[in-house]
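Here is the structure we will look at.
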There are 2 protein chains.
Amino acid sequence: MARKRPTINDVAAASGVSRGTVSRVLNGKTNVSLAAELAVRRAVAETGFVVNRAARSLKTSRTGSVVMVLSEPQERLFEDPNFSVLMRAATNQLAAHDMSLVLMIAGDDGGRDRVARYLRGGHADGALLISTHADDPLLEAIERSHVPSVACGAVLGREGVVPYAAADDRGGARQATTYLIGQGRRKIGMIAGPVDTPGGSLRIEGFTSVPGRRVTKRMVVHGDYTQAGGEKAMHELLRQFPALDAVFVASDLMAAGALQALHAAGRSVPGEVAVAGFDDSAVATATNPMLTTIRQPLAEVASEAVRLLLALLDEQEVESVILPTELIVRDSA
Amino acid sequence: MARKRPTINDVAAASGVSRGTVSRVLNGKTNVSLAAELAVRRAVAETGFVVNRAARSLKTSRTGSVVMVLSEPQERLFEDPNFSVLMRAATNQLAAHDMSLVLMIAGDDGGRDRVARYLRGGHADGALLISTHADDPLLEAIERSHVPSVACGAVLGREGVVPYAAADDRGGARQATTYLIGQGRRKIGMIAGPVDTPGGSLRIEGFTSVPGRRVTKRMVVHGDYTQAGGEKAMHELLRQFPALDAVFVASDLMAAGALQALHAAGRSVPGEVAVAGFDDSAVATATNPMLTTIRQPLAEVASEAVRLLLALLDEQEVESVILPTELIVRDSA
DNA sequence: CTGAAAGCGCTAACAA
DNA sequence: TTGTTAGCGCTTTCAG
């Protein structure tokens, strides 16, 4: 048993046509008689034929795969609940087009180098960039490789260069802030992410742009998107801006940390301080009180990014898309 | 600019040796003079040559990639914080061997079919199975494809057939239970996972096997690894076994739900009821009180699984491995 | 509408 | 130790 894998030749033999004709029905199906097509399809089913991608790829120089490149430092992503959602959505969307997703991590020089070689080697038709920074040396390597790329989340400072699909960070921050104000809060602080990420800077912009109070520098501190970072940031904020009656936190994980800091400081939530998060990740319902937060349509971000990438591969013009967020009201604000 | 990608012929020309010699230094480097090797290496660097995997694959019928197959239904994994850890570790480990990881989701019939075709087509050298059940039709397809496979976490009922790397579920449960008993708890309930998962049944075994009290049926209820499921299960447990003074919960996410149920029922934690979780995922420190839990060495599980798979590809005999867990004491017990 | 034939870039067997 | 050579399985002209 376990005979050799059937090739296109076997299918040709079984269906009584030539290799060329089989190939035609397998692909564009241009100029094939119905009879021939039927015969081929039957033979494919009978033999259990599956095309050899390597051979096809060698001929067409298309691989049928897309690489998802993670640029975030290991430890951060380790805690990041968003990434797996992006992965699954991208995988599903790609699968619908009979393409596959390969994952690469460009966390250090070695990783970046591997990605660069992979791309230069033409091992993937396109790249999906996750949390890539504008100053990431990888960007240059990608550009040099001429492999079409799309980012999930804008690449700060390269918005015009690298097409992207992203959640509306600015709008989401505005939603949260407006809600807080609507709840009668006026002295609102913010725990932001690192400024070199879109979530870091755009959410500050959104936060700042809502009228109804003055925002000064001491009202904003920065965390690193981890829970411990959020806790530390909250303590700092409490020191700088003790009068605050609300905090908008740029991620749920950091918000969980902020909740702990507030608890330790003896401030009740939402009584004395209202807390709003961002992400609507699993931790949002694990905290006490549960987090009022902003849901990002991450699955859609990934599918849209894939759609853009496929369009790019198809040599179409593409335009970046920004998807709306949604306010989820729970107990913390 | 943007000239054609250099081939092995260009390298041969640039280094003044034949294609064959270039190939030799690129691969096994058997029987190559130092001079030739040096010349080739220089030429590779100069030309920026990267081997064409498709061509190599066509010749060797090895792809240099491994597919990670997720069998879990979409909605569960969506909340599962473990999966991304497995992915990253596997990716890193594979990268160290110059191989890549492609991700496929076999959540429904369509997905399973795609995976089966992928494997039958010889598009991957091996498969890494995640949360595959014994009755998954995919298993048969994989077997039929003759693609070497290793599971992350045992495939219940197929332990002898599919090699695996797993955390010590039984031992971890025992650790947690023993700790609870050591804290003076005697009426310990359990919220288990679905019995058709290793974490579901082995953790019950571990829980039950610790002496010091009697375990009856009403002390164990089942959840579905979601937070909502944990909450519901806790309510049920409270009804069946109201006298309990501790709960061992088979996942942190469910434990977070259990905490909420206990809170709603007016039972203090850990005062009246001690709670121990499992996983040590991000939610474990987001809850209030923070969870005492069992840490699974997931990254090691993935690396070990990859190691086993590579050994299998190398035609070696392999033996499944079970890795020790660690008790993390926090505030809930 | 279909068959024949020429490679895609690489490895490995063989010959030198 | 090295060069030569024969394909791996497929797509795609080019004739017919």
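So you know, we letter chains A, B, ... as the sequences are listed, proteins then strands, and number each from 1.
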Value in whole Å for how far the [atom2] atom of [N] lies from [atom1] of [X]:
{"X": "B/R62", "N": "C/dC10", "atom1": "CZ", "atom2": "C1'", "value": "16 Å"}
{"X": "B/N9", "N": "C/dT11", "atom1": "CG", "atom2": "C1'", "value": "13 Å"}
{"X": "A/L38", "N": "C/dC1", "atom1": "CG", "atom2": "P", "value": "15 Å"}
{"X": "B/R53", "N": "C/dC10", "atom1": "CZ", "atom2": "P", "value": "13 Å"}
{"X": "A/L58", "N": "C/dA6", "atom1": "CG", "atom2": "C1'", "value": "13 Å"}
{"X": "B/N27", "N": "C/dG9", "atom1": "CG", "atom2": "C1'", "value": "13 Å"}

| said: For A/A166 versus A/G153, what's the shortest heavy-atom pair and its separation? | reply: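 Shortest heavy-atom contact: CB-CA, 3.7 Å.
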Give [X] one of three labels, base, sugar-phosphate or nothing, depending on what nucleic acid heavy atoms sit under 4.0 Å from its own.
{"X": "B/A36", "answer": "sugar-phosphate"}
{"X": "B/T21", "answer": "sugar-phosphate"}
{"X": "A/N31", "answer": "base"}

Could you list the donor-acceptor pairs under 3.5 angstrom formed between side-chain atoms of residues 36-45 of chain A and any protein atom two or more places apart in sequence or on another chain?
{"unit_1": "A/E37", "atom_1": "OE2", "unit_2": "A/K29", "atom_2": "NZ", "d": "3.3"}
{"unit_1": "A/E37", "atom_1": "OE2", "unit_2": "A/R41", "atom_2": "NE", "d": "3.3"}
{"unit_1": "A/E37", "atom_1": "OE2", "unit_2": "A/R41", "atom_2": "NH2", "d": "3.3"}
{"unit_1": "A/R42", "atom_1": "NH1", "unit_2": "A/E46", "atom_2": "OE2", "d": "3.2"}

| query | Does CZ belonging to A/R117 count more than 12 external heavy atoms closer than 6.0 Å? | reply | no
| message | Tell me if the CD atom of B/E319 is crowded by more than 12 foreign heavy atoms within 6.0 Å. | response |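 Not more than 12 within 6.0 Å, no.
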| Picking from C/dA6, C/dC10, C/dG9, which would you name as closest to the side chain of B/I8? |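 Nearest to the side chain of B/I8 among the choices is C/dC10.
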| When you measure from the side chain of A/R19, which nucleotide among C/dT11, C/dG3, C/dA5 comes out closest? | C/dA5
| query | With distance as the sole criterion, is a donor-acceptor pair present between the side chains of A/R5 and A/N52 under 3.5 Å? | reply | no
| Which nucleotide span of DNA chain D, 5' end to 3' end, has atoms closer than 4.0 Å to non-hydrogen atoms of chain B? |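 Nucleotide range with atoms under 4.0 Å of chain B: D/dT1 to D/dG9.
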| note | Sorted by position of nearest nucleotide on DNA chain C, 5' first, the leading residue of B/F49 and B/R24 is B/F49
| said: Is any side-chain heavy atom of A/R307 closer than 4.5 Å to one of A/V321? | reply: yes
| Any side-chain heavy atom of B/E159 sitting closer than 4.5 Å to one from B/L156? |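 In short, these two side chains touch, coming nearer than 4.5 Å.
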| Looking at B/T7, does any N or O in its side chain come under 4.0 Å of the phosphate oxygens OP1/OP2 on C/dG9? |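 Indeed not, no polar side-chain atom of B/T7 lies that close.
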| query | Given that B/V32 and A/T60 both sit by DNA chain D, which one's nearest nucleotide is further toward the 5' end? | reply | B/V32
